[in-house]
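This report refers to the structure that appears directly beneath it.
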Amino acid sequence: MTVQEIISALGLEQATGDADRLVRVITGGYASDLLSCVMAGAADGNVWVTLQAHPNVIAVADLLNLACVIITEGTRLDEETLGRAREKGIPVLLTEETTFTVVSKLAELGIRGEH
Amino acid sequence: MPGPRGRAVRSGLRSIWADLHVHTVVSPCAEVEMIPPLIIRRAQELGLGILAVTDHNTAENVAAVQRAAEGTEITVLAGMEVQSREDAHILCLFDTVEQVLAWQEVVYAHLPDLKNNEEVFGAQFVVDETGDFVRMNERLLLTAAALSVSEVVAGVRDLGGLAIAAHVDRQAFSLLTSLGFMPPDLPLAAVEISRHTTPEKALARHRSLRGMPIIMSGDAHRLSEMCANTLVTLRAFPAPPSVEELDLALRGEGGRAVEWVPR
């Protein structure tokens with residue numbers, strides 16, 4: 001399952017993300033709004049689901065080399081966060097749905113928490 | 001140990017003990033003993049010269065504590081502990097009641113329209129300077145305001161105050177827990193650590209704190225948790241210590257300083 005396939009399957013709004021990053025295969029998933037937990041728990045190539053949209057989200061995604069970030073519950077990106085995501089090329093995907101709903105759908109697509 | 005007004009370090013500067021994080025009975029989680037006269041009496045016992053009243057998302061007891069301190073050597077800073085959108089607690093410190101009430105308007109406008117549940121969270125008492133009951137604050141205060149950390153820090157600065165990230169070493173309601181590391185370029189005046197750690201330990205664990213002033217406060221929800229571990233050297237005469245002077249002290253300007261003194 002690639003980033004592009006997730007975007008299509010879940011009908012996500014793509015805020016950022018370079019073309020070469022959209023074909024990346026997702027290794028697993030992680031969901032938390034505490035960035036300290038994400039830094040300890042998410043793995044290379046994971047999709048991360050959160051409702052946080054702070055600029056540090058981009059820094060953490062970049063640090064861990066995550067495949068993409070899905071930001072839930074209609075949270076919008078501010079200019080600073082958007083700018084950093086563009087600069088790093090990281091796919092940031094937006095949805096009105098809750099984290100629970102998004103994770104359920106990812107699970108149905110075969111994405112697992114283990115990595 | 002220096003007294004409340006401390007020793008004169010050099011011309012015009014004085015060293016004063018400070019506790020910049022004290023709750024009153026309007027914080028639902030505070031003990032009923034946290035009323036203005038008892039807070040001031042405890043501050044005097046500890047030799048504190050600066051005390052900041054910092055209730056959760058409200059400042060409705062600040063004026064009462066300031067009045068209770070009249071005639072003492074204690075300067076009561078007008079503060080609030082805001083919970084940001086990211087669930088990070090930020091101390092917001094001002095000189096005057098007018099400033100903190102202006103800030104309170106902003107915070108109230110960003111709190112959800114929910115009532116406090118006393119059974120779950122505790123009662124929120126607004127009191128006068130003697131500690132007598134005035135009214136209940138019926139808002140749900142123990143929740144996040146829809147303001148980002150950046151918006152909180154900028155808003156406080158715009159009103160002439162300063163912002164300090166509270167108990168960053170804790171697992172809950174800490175900027176470092178919520179955001180993973182200190183966001184670069186966030187104009188915080190300092191970070192606060194809890195009584196359960198030391199600046200050395202906090203720095204060893206969180207590299208992003210390097211270069212930031214670190215203070216330790218009691219985060220007192222009961223009288224026994226108030227503490228005098230922060231020694232502030234600043235200009236405190238003839239005018240009483242101000243937030244501006246505290247800001248300069250945190251930056252170590254002109255011989256001013258903020259030291260952590262274990263005891």
Side-chain angles (χ1 to χ4, degrees), chain A residues 15-16 29-44 46-88 90 92 94-96 98-100 115, chain B residues 82-90 110 112 114 143-155 157-158 163 165-188 191-194 196-197 201-212:
Chain A
T16 59
Y30 191 87
S32 175
D33 302 321
L34 294 181
L35 274 62
S36 52
C37 295
V38 180
M39 287 165 78
D44 196 308
N46 277 186
V47 46
W48 168 23
V49 189
T50 179
L51 51 67
Q52 290 262 26
H54 190 273
N56 277 16
V57 166
I58 307 306
V60 168
D62 186 47
L63 176 78
L64 299 177
N65 193 27
L66 302 182
C68 61
V69 185
I70 301 178
I71 297 181
T72 59
E73 297 208 24
T75 312
R76 306 306 297 184
L77 301 186
D78 60 28
E79 282 306 312
E80 192 185 350
T81 310
L82 202 55
R84 288 193 197 183
R86 283 198 187 110
E87 187 187 313
K88 300 289 183 187
I90 294 170
V92 176
L94 310 176
T95 177
E96 295 290 327
T98 66
T99 294
F100 185 90
H115 33 260
Chain B
V82 167
Q83 184 170 332
S84 78
R85 186 198 294 281
E86 303 89 348
D87 268 357
H89 283 188
I90 309 286
H110 289 86
L114 294 171
T143 190
L147 293 163
S148 70
V149 168
S150 308
E151 287 168 338
V152 169
V153 177
R157 288 272 179 200
D158 285 349
H167 41 66
V168 293
D169 55 297
R170 282 184 29 186
Q171 283 305 303
F173 304 121
S174 141
L175 184 67
L176 291 180
T177 303
S178 289
L179 296 182
F181 55 93
M182 194 52 66
D185 311 322
L186 188 64
L188 286 169
V191 295
E192 177 204 68
I193 55 171
S194 75
H196 312 295
T197 187
K201 283 185 195 162
L203 279 167
R205 205 179 137 88
H206 301 285
R207 283 190 306 168
S208 63
L209 294 183
R210 281 181 199 167
M212 295 205 68

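Per chain, numbering begins at 1; letters A, B, ... match sequence-line order. Owing to the predicted nature of the structure, the values given are computational and were not obtained by experimental measurement.
- Here the CG-CG distance, from B:L176 to A:N56, works out to 9.5 Å after rounding to the nearest 0.5 Å.
- A:S36 places no side-chain N or O within 3.5 Å of a backbone atom of B:G180 that could act as its donor or acceptor partner.
- For B:M212, the side-chain contact (heavy atoms from CB on, under 4.5 Å) partners at least two apart in sequence or on another chain are B:M182, B:L188, B:V191.
- Atom CG of A:L34 is separated from atom CG of B:D87 by 8.0 Å, given to the nearest 0.5 angstrom.
- Annotation: the span from B:R85 atom CZ to A:D33 atom CG amounts to 12.5 Å, rounded to 0.5 Å.
- In this structure B:H89 satisfies the ring-ring contact (aromatic ring centres under 6.0 Å, His included) test together with B:H56, B:H167, B:F173, sequence neighbours excluded.
- Listed by chain and number, the residues in a ring-ring contact (aromatic ring centres under 6.0 Å, His included) with B:F181 amount to none (sequence neighbours excluded).
- Of the two parts of B:S148, neither the backbone nor the side chain holds a non-hydrogen atom closer than 4.5 Å to a non-hydrogen atom of chain A.
- Nearest heavy-atom pair, A:R84 versus B:P184, reported as atom, atom and distance to 0.1 Å: NH1-CG, 4.2 Å.
- Using a 4.5 Å heavy-atom threshold, the side chains of B:P183 and A:H54 count as touching.
- For residues 60-77 of chain A, heavy-atom neighbours of chain B at less than 4.5 Å comprise A:V60, sorted by residue number.
- Between the CG atom in A:D78 and the OG atom in B:S150 there is a gap of 7.0 Å [rounded to 0.5 Å].
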